[in-house]
Amino acid sequence: MVPLAASGSGAGPSYFRGWGLCSTARMAVVSLLLFGGLWSAVGASNLAVVTCGSVVKLLNTRHNVRLHSHDVRYGSGSGQQSVTGVTSVDDSNSYWRIRGKTSTVCERGTPIKCGQPIRLTHVNTGRNLHSHHFTSPLSGNQEVSAFGEEGEGDYLDDWTVLCSGPYWVRDGEVRFKHSSTEVLLSVTGEQYGRPISGQKEVHGMAQASLNNYWKAMEGIFMKPSELLKAEAHHAEL
């Protein structure tokens, strides 16, 4: 039996904190992302770095699946909202908003530094990517879930971006290390049956491997703030 169960919480919160959008407006944003290619409205020359406030899909480059969540809960472990990997490029449940770590505000457009802790908030349900000392249902690694309400959870929602260079860049592969338990966000290929047939398990692993690499793909990429321009100018001097 697949350790997952449909949640009775409906379509998620009617208001997504930090966006100021009702659920109808939020879905309209997602529709525009899917069909209008809004990300391309930002000048290509400004897309080199990933910034706070951006809404992105994250691809696991080893298994070619995008980080995904939905209103389906684990039937074992924490019982929280499940997180999986999907092959579909067009699924609106694969959008995540990049935010500052718990109890902080990362201003929209601020470049994400390598080594910086962040939160990833699931756009459609308003819950944060989360991990804790529960066992994942298929592989027996550490469970990764989505937790909180309206974008607010706890310190176990924090993930440190591991990359080379000063900033997380769009074309670069990164790892996400859970700030409290130090596992790496991973996919190793275990696949669920019903009710989410074909989706892959996402979990936390202690060891670094090719299973831990992720890349920013489709989404709305906020234009880098003046901070990055100022640092570049200072370096030139």
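Just so you know, these numbers use all the heavy atoms, side chains as well, and skip hydrogens, waters and symmetry mates. Treat the numbers as computed from the prediction; the structure is a model and nothing was measured.
Exactly one residue among His70, Arg73, Glu143 makes a side chain to side chain donor-acceptor pair (under 3.5 Å) with Ser82. That residue is His70.
At least one donor-acceptor pair closer than 3.5 Å links the side chain of Ser186 to the backbone N or O of Leu184. For Tyr74 (side chain) and Val144 (main-chain N/O), a donor-acceptor pair under 3.5 Å exists by modelled atom type. Although no hydrogens or angles enter the test, the distance criterion places a donor-acceptor pair under 3.5 Å between the side chain of Thr102 and the main chain of Asp154. Between the side chain of Thr87 and the main chain of Val65, no donor-acceptor pair closer than 3.5 Å is present.
Not counting sequence neighbours, the partners of His130 by the ring pair (Phe, Tyr, Trp, His ring centres under 6.0 Å) test are His132, Phe147.
One finds the OG1 atom of Thr125 at 7.5 Å from the CG atom of Asn93 (value rounded to the nearest 0.5 Å). Note that CG of Leu58 and CD of Glu218 are 10.0 Å apart. Values are rounded to the nearest 0.5 Å. Once rounded to the nearest 0.5 Å, the distance linking NZ of Lys57 with CE of Met217 reads 10.0 Å. Within the model, atoms CH2 of Trp168 and SG of Cys163 stand 8.5 Å from one another, a figure rounded to the nearest 0.5 Å.
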Just do the side chain to side chain contact (heavy atoms under 4.5 Å, CB included) check on Thr84 and Ile196 with the steps written out, would you? CA-CA 9 Å; Thr84 64; Ile196 53 172; 3.8 Å; yes
With side chain to side chain contact (heavy atoms under 4.5 Å, CB included) as the criterion, how do Ser180 and Tyr155 come out once you've worked through the C-alpha distance, each side chain's angles and the decisive distance to 0.1 Å? CA-CA 8 Å; Ser180 295; Tyr155 69 97; 3.4 Å; yes
One pair to check against side-chain hydrogen bond (donor to acceptor under 3.5 Å, both in side chains): Glu190 and Ser139. What are the steps and the verdict? CA-CA 7 Å; Glu190 292 81 6; Ser139 66; 4.6 Å; no
Before you tell me yes or no, could you show the steps for Glu182 and Lys177 under side chain to side chain contact (heavy atoms under 4.5 Å, CB included), namely the whole-Å CA-CA distance, both residues' side-chain angles and the distance that decides it to 0.1 Å? CA-CA 6 Å; Glu182 299 190 340; Lys177 183 177 182 179; 3.6 Å; yes
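Between Leu185 and Leu67 the shortest side-chain heavy-atom distance falls below 4.5 Å. Residues Asp91 and His68 are in side-chain contact: their nearest non-hydrogen atoms beyond the backbone lie under 4.5 Å apart. Under the 4.5 Å side-chain criterion, counting only non-hydrogen atoms from C-beta, Ile98 is in contact with Val56. With a 4.5 Å cut-off on side-chain heavy atoms, Val174 and Leu162 do not count as touching. Proximity of Lys101 to Thr160: side-chain heavy atoms (C-beta onward) are nowhere separated by under 4.5 Å. Between Leu129 and Val83 the shortest side-chain heavy-atom distance falls below 4.5 Å. Trp159 is listed as a side-chain neighbour of Ser131, based on a closest heavy-atom distance under 4.5 Å. With contacts defined as side-chain heavy-atom distances shorter than 4.5 Å, the pair Asn212/Leu210 does not qualify.
If you check the side chains of His63 and Asn211, you find a donor sitting under 3.5 Å from an acceptor. Arg62 and Tyr213 share no donor-acceptor pair across their side chains, judged by distance under 3.5 Å alone. The closest side-chain donor-acceptor pair between Thr181 and Gln142 falls under 3.5 angstrom. Judged by distance alone, the side chains of Ser88 and Asp90 never bring a donor and an acceptor atom under 3.5 Å apart. Between the side chains of Ser145 and Gln81, no donor N or O sits under 3.5 Å from an acceptor N or O. One side chain, Thr121 or Asn128, offers a donor N or O that lies under 3.5 Å from an acceptor on the other. Of the N and O atoms on the side chains of Thr188 and Glu201, not one donor lies less than 3.5 Å from an acceptor on the other residue.
Residues Ile118 and Val183 are members of separate hydrophobic clusters, defined by side-chain heavy-atom contacts under 4.5 angstrom among Ile, Leu, Val, Met, Phe, Trp and Tyr. Under the 4.5 Å side-chain contact rule for hydrophobic residues, Val86 and Val187 do not share a cluster.
Closest of all the heavy-atom pairs between Arg119 and Thr104 is NH2-O, 3.5 Å. Shortest non-hydrogen contact noted between Arg127 and Trp96 is O-CZ3, 4.3 Å. In this structure, Phe134 and Ser78 approach most closely via the heavy-atom pair CD2-N, 3.5 Å. For the residue pair Cys106 and Thr110, the shortest heavy atom distance occurs at SG-CB, 3.9 Å. Pro224 and Thr51 make their closest contact through CA-CG2, 3.9 Å (heavy atoms, listed as atom of the first residue, atom of the second, distance). For the residue pair Ala216 and Val50, the shortest heavy atom distance occurs at CB-CG2, 4.3 Å.
Ionic pairing of Arg99 and Glu152 is present here: one or more N-O contacts between side-chain nitrogen and carboxylate oxygen are shorter than 4.0 angstrom.
Between Phe176 and Trp214, the ring planes lie tilted relative to each other; the angle falls in the 30° to 60° range.
In this structure, Lys200 forms no cation-pi arrangement with Tyr192, as its terminal cationic atom is not both closer than 6.0 Å to the ring centre and no more than 45° off the ring axis.
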